[in-house]
Trainee: 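Take a look at this one; I'll ask things after.
Atom set for the values below is all heavy atoms of this structure, side chains included, hydrogens, waters and symmetry mates excluded.
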Amino acid sequence: MLQIGILLIRHYKLLSLAAITDVLDTVNKIYYKNSQPTPFKITLVHTAETEHLAAAFPDYASQHTDAAGTFNLVLVPSFTTDDIRQSIAENRAYLPWLQQQYKNGAEIASFCTGAFLLGASGLLDGKIATTHVDACKEFSSSFPAVNLLSDKTVTHDSGIYTSGGATSTFHLLLHLLEVHCGIEIAIRTAKIFAVDMGRDKQSYFSTFQPTRNHHDDLVASAQQRIETSYQDVGTIEEMIRDIPSSRRNIVRRFKQVTGVTPIEYLQFTRIEAAKKLLEQTGQQMAEVIYNSGYNDPKAFRKVFRKTVGMTPSEYREKFNAARS
């Protein structure tokens with residue numbers, strides 16, 4: 001029987017914790033109905049500060065980190081808050097415990113933004129990892145020693161697993177089931193939860209969220225110009241026209257503030273516009289291309305696929321509301 005410890009972190013996302021326990025309970029029931037020993041023993045692990053959270057889960061055993069032995073597998077659910085740094089600070093008591101569990105031979109898996117807690121522990125240094133696609137920028141800046149694969153839904157490196165955002169939780173759980181129970185149980189569980197086992201990328205769920213929490217008026221002016229005129233501007237000179245700064249200075253400041261160059265910002269803005277047209281309208285592909293600021297269909301499709309991870313037609317088929 002696999003001893004599984006699930007961290008009751010502060011600001012845990014209920015959906016994340018519910019998905020983890022639901023999948024594990026479902027597999028236990030499959031084995032039980034087949035008169036086989038159940039494969040998982042689930043224990044909720046808490047600190048003195050989070051002990052009260054266990055009351056919400058009366059069906060599961062709970063243990064304080066000081067009393068818990070070594071687990072075979074430790075699971076870290078996602079955070080529900082946007083203030084990840086504060087969440088890490090409020091859960092720092094788990095860091096030495098995670099380090100000791102890993103040292104004792106436990107595998108550790110984080111789901112979505114739970115990777116930030118693993119990052120803070122240092123266990124991901126020099127390893128590959130992933131997290132929610134919209135949290136990747138903050139993760140990279142916080143943990144530069146981690147090899148972040150922002151496009152991946154699941155990673156595994158030296159006994160440490162991570163998953164991307166939201167429903168990627170299920171893909172990591174299925175991967176863990178395949179490792180510990182075999183492919184047949186993983187497939188059966190995937191069918192029960194209607195999960196597509198073939199998805200290994202999350203880039204098409206990404207949303208361009210430009211930085212606005214800054215006080216650089218020149219950069220803000222350039223951002224405004226791009227966002228209101230992305231269909232017409234095509235060069236840096238057109239973007240910074242009437243902005244009192246040299247090209248070299250504005251490009252340097254723009255990259256410093258937003259993390260991307262003005263040209264990259266323009267491309268991301270255009271692709272985001274194209275995604276919305278594909279999701280919300282029935283425009284012909286030629287109209288979508290033109291209305292998102294492109295004149296060359298070949299160039300548009302190349303940039304779209306590189307940015308989104310699928311072709312424009314595949315994206316429309318997957319996300320267009322009318323078709324759904």
Trainee: Can you tell me how far CD1 of I88 sits from OG of S142, rounded to the nearest 0.5 angstrom?
Mentor: 6.5 Å

Trainee: What pairs with E287 under salt bridge (charged side-chain N to carboxylate O under 4.0 Å, His left out), at least two apart in sequence or on another chain?
Mentor: none

Trainee: Could you measure the distance from the CG atom of N91 to the CD atom of Q86? Nearest 0.5 Å is fine.
Mentor: 10.0 Å

Trainee: With E237, which residues qualify under salt bridge (charged side-chain N to carboxylate O under 4.0 Å, His left out), at least two apart?
Mentor: R247

Trainee: Could you walk me through whether R316 and V288 pass side-chain contact (heavy atoms from CB on, under 4.5 Å), step by step?
Mentor: CA-CA 11 Å; R316 166 169 274 171; V288 171; 4.0 Å; yes

Trainee: Consider only side-chain heavy atoms of I, L, V, M, F, W and Y, link residues closer than 4.5 Å, and tell whether Y290 and V233 are in one cluster.
Mentor: no

Trainee: Indicate whether the side chain of T130 and that of T155 have a donor and an acceptor atom separated by less than 3.5 Å.
Mentor: no

Trainee: Are L173 and L15 grouped together when hydrophobic residues (ILVMFWY) are joined by side-chain heavy atoms under 4.5 angstrom apart?
Mentor: no

Trainee: Taking only distance into account, with no hydrogens and no angle test, what donor-acceptor pairs under 3.5 Å do side-chain atoms of residues 6-13 form with protein atoms, sequence neighbours excluded?
Mentor:
{"from": "H11", "atom 1": "NE2", "to": "E90", "atom 2": "OE1", "distance (Å)": "2.9"}

Trainee: List the atom of L277, the atom of T281, and the distance in Å for their closest heavy-atom pair.
Mentor: O-OG1, 2.6 Å

Trainee: Would you tabulate the side-chain donor-acceptor contacts of residues 182-194 under 3.5 Å, counting partners in other chains and residues two or more places apart, or write 'none'?
Mentor:
{"from": "T189", "atom 1": "OG1", "to": "I185", "atom 2": "O", "distance (Å)": "2.8"}

Trainee: Hey, could you give me the OG/CG distance between S168 and L174, rounded to the nearest 0.5 Å?
Mentor: 11.0 Å

Trainee: Which residue pairs pass the ring-ring contact (aromatic ring centres under 6.0 Å, His included) test with at least one member in residues 39-68, sequence neighbours excluded?
Mentor: H46-H64

Trainee: Check whether any side-chain heavy atom of H171 sits under 4.5 Å from a side-chain heavy atom of V195, and report yes or no.
Mentor: yes

Trainee: What are the two closest heavy atoms between V133 and S150, and how far apart are they?
Mentor: CG2-O, 4.3 Å

Trainee: We want to know whether E138 and H132 form a side-chain donor-acceptor pair, criterion being a heavy-atom distance below 3.5 angstrom.
Mentor: no

Trainee: So, does E51 use its side chain to make a donor-acceptor pair with the main chain of A48 at under 3.5 Å?
Mentor: no

Trainee: Who pairs with R301 by salt bridge (charged side-chain N to carboxylate O under 4.0 Å, His left out), at least two apart in sequence or on another chain?
Mentor: none

Trainee: Decide yes or no on side-chain hydrogen bond (donor to acceptor under 3.5 Å, both in side chains) for T113 and S78, but give the supporting numbers first.
Mentor: CA-CA 5 Å; T113 52; S78 175; 2.9 Å; yes

Trainee: Is there any ring-ring contact (aromatic ring centres under 6.0 Å, His included) pair reaching into residues 68-114, and which pairs are they, with sequence neighbours excluded?
Mentor: none

Trainee: C181 and V27: which non-hydrogen atoms are nearest, and at how many Å?
Mentor: SG-CG1, 4.4 Å

Trainee: What pairs with F300 under ring pair (Phe, Tyr, Trp, His ring centres under 6.0 Å), at least two apart in sequence or on another chain?
Mentor: Y294, F304

Trainee: Using the rule given for side-chain contact (heavy atoms from CB on, under 4.5 Å), can you reason through H175 versus S163, listing the C-alpha separation, both sets of side-chain angles and the distance that settles it, and then say yes or no?
Mentor: CA-CA 10 Å; H175 182 73; S163 81; over 6 Å; no

Trainee: Within this structure, what is the OG1-CD distance for the pair T261 and Q267, rounded to the nearest 0.5 Å?
Mentor: 9.0 Å

Trainee: What heavy-atom pair brings S313 and M285 nearest, and what distance separates the two atoms?
Mentor: OG-CE, 3.8 Å

Trainee: Sequence neighbours left out, what passes ring pair (Phe, Tyr, Trp, His ring centres under 6.0 Å) with H156? Give chain and number order.
Mentor: Y161

Trainee: Taking the side chain as every heavy atom from C-beta outward, state whether N147 and L149 have any pair of such atoms under 4.5 Å apart.
Mentor: yes

Trainee: Which is it for S62 and V45 under the side-chain contact (heavy atoms from CB on, under 4.5 Å) test, yes or no, and what are the steps along the way?
Mentor: CA-CA 6 Å; S62 63; V45 181; over 6 Å; no

Trainee: Report, one line per pair, each donor and acceptor closer than 3.5 Å where one atom sits in a side chain of residues 115-125; sequence neighbours left out.
Mentor:
{"from": "S121", "atom 1": "OG", "to": "L118", "atom 2": "O", "distance (Å)": "2.5"}
{"from": "S121", "atom 1": "OG", "to": "L123", "atom 2": "N", "distance (Å)": "3.2"}

Trainee: Go through the steps to decide whether K276 and E279 satisfy the test salt bridge (Lys or Arg N to Asp or Glu O under 4.0 Å), and finish with yes or no.
Mentor: CA-CA 5 Å; K276 290 180 180 178; E279 292 167 10; over 6 Å; no

Trainee: So, does D296 use its side chain to make a donor-acceptor pair with the main chain of K298 at under 3.5 Å?
Mentor: yes

Trainee: Do the side chains of L218 and P244 get nearer than 4.5 Å, heavy atoms only?
Mentor: yes

Trainee: May I have the step-by-step check of side-chain contact (heavy atoms from CB on, under 4.5 Å) for T38 and M1, ending in yes or no?
Mentor: CA-CA 7 Å; T38 55; M1 179 177 287; 3.5 Å; yes

Trainee: On a heavy-atom basis, which atom in L148 and which in S140 lie closest, and how many Å separate them?
Mentor: CD2-OG, 3.2 Å

Trainee: Atom CG of L176 and atom CG of L172: how far apart are they, to the nearest 0.5 Å?
Mentor: 4.5 Å

Trainee: If you draw a 6.0 Å radius around NZ in K41, do more than 12 non-hydrogen atoms from other residues or ligands fall strictly inside?
Mentor: no

Trainee: Side-chain contact, heavy-atom cut-off 4.5 Å: P312 with L278?
Mentor: yes

Trainee: For Y32, what residues pass the ring pair (Phe, Tyr, Trp, His ring centres under 6.0 Å) criterion, not counting sequence neighbours?
Mentor: none

Trainee: Restricting to non-hydrogen atoms, name the atom on G69 and the atom on Q101 that form the minimum distance, rounded to 0.1 Å.
Mentor: O-NE2, 3.0 Å

Trainee: Just how far is it from atom CD1 of I20 to atom CD1 of I42, taken to the nearest 0.5 Å?
Mentor: 10.0 Å

Trainee: Any side-chain heavy atom of P39 within less than 4.5 Å of one from N28?
Mentor: yes

Trainee: Can you tell which of R252, K255, R253 makes a salt bridge (charged side-chain N to carboxylate O under 4.0 Å, His left out) with D216?
Mentor: R253

Trainee: Knowing that exactly one of N72, I4, L73, V74 qualifies, which makes a side-chain contact (heavy atoms from CB on, under 4.5 Å) with E107?
Mentor: L73

Trainee: Name every donor-acceptor pair, under 3.5 Å, that has one atom in a side chain of residues 222-231 and the other anywhere in the protein, sequence neighbours excluded.
Mentor:
{"from": "Q223", "atom 1": "OE1", "to": "H214", "atom 2": "NE2", "distance (Å)": "2.8"}
{"from": "Q223", "atom 1": "NE2", "to": "T211", "atom 2": "O", "distance (Å)": "3.0"}
{"from": "Q223", "atom 1": "NE2", "to": "Y265", "atom 2": "OH", "distance (Å)": "3.0"}
{"from": "R225", "atom 1": "NH1", "to": "E238", "atom 2": "O", "distance (Å)": "3.1"}
{"from": "R225", "atom 1": "NH1", "to": "M239", "atom 2": "O", "distance (Å)": "3.4"}
{"from": "R225", "atom 1": "NH1", "to": "R241", "atom 2": "O", "distance (Å)": "3.0"}
{"from": "R225", "atom 1": "NH2", "to": "R241", "atom 2": "O", "distance (Å)": "2.7"}
{"from": "E227", "atom 1": "OE1", "to": "R212", "atom 2": "NH2", "distance (Å)": "2.2"}
{"from": "E227", "atom 1": "OE2", "to": "R212", "atom 2": "NH2", "distance (Å)": "2.3"}
{"from": "E227", "atom 1": "OE2", "to": "Y265", "atom 2": "OH", "distance (Å)": "2.4"}
{"from": "T228", "atom 1": "OG1", "to": "Q224", "atom 2": "O", "distance (Å)": "2.8"}
{"from": "T228", "atom 1": "OG1", "to": "R225", "atom 2": "O", "distance (Å)": "3.4"}
{"from": "S229", "atom 1": "OG", "to": "R225", "atom 2": "O", "distance (Å)": "3.4"}
{"from": "Q231", "atom 1": "NE2", "to": "N291", "atom 2": "O", "distance (Å)": "2.6"}

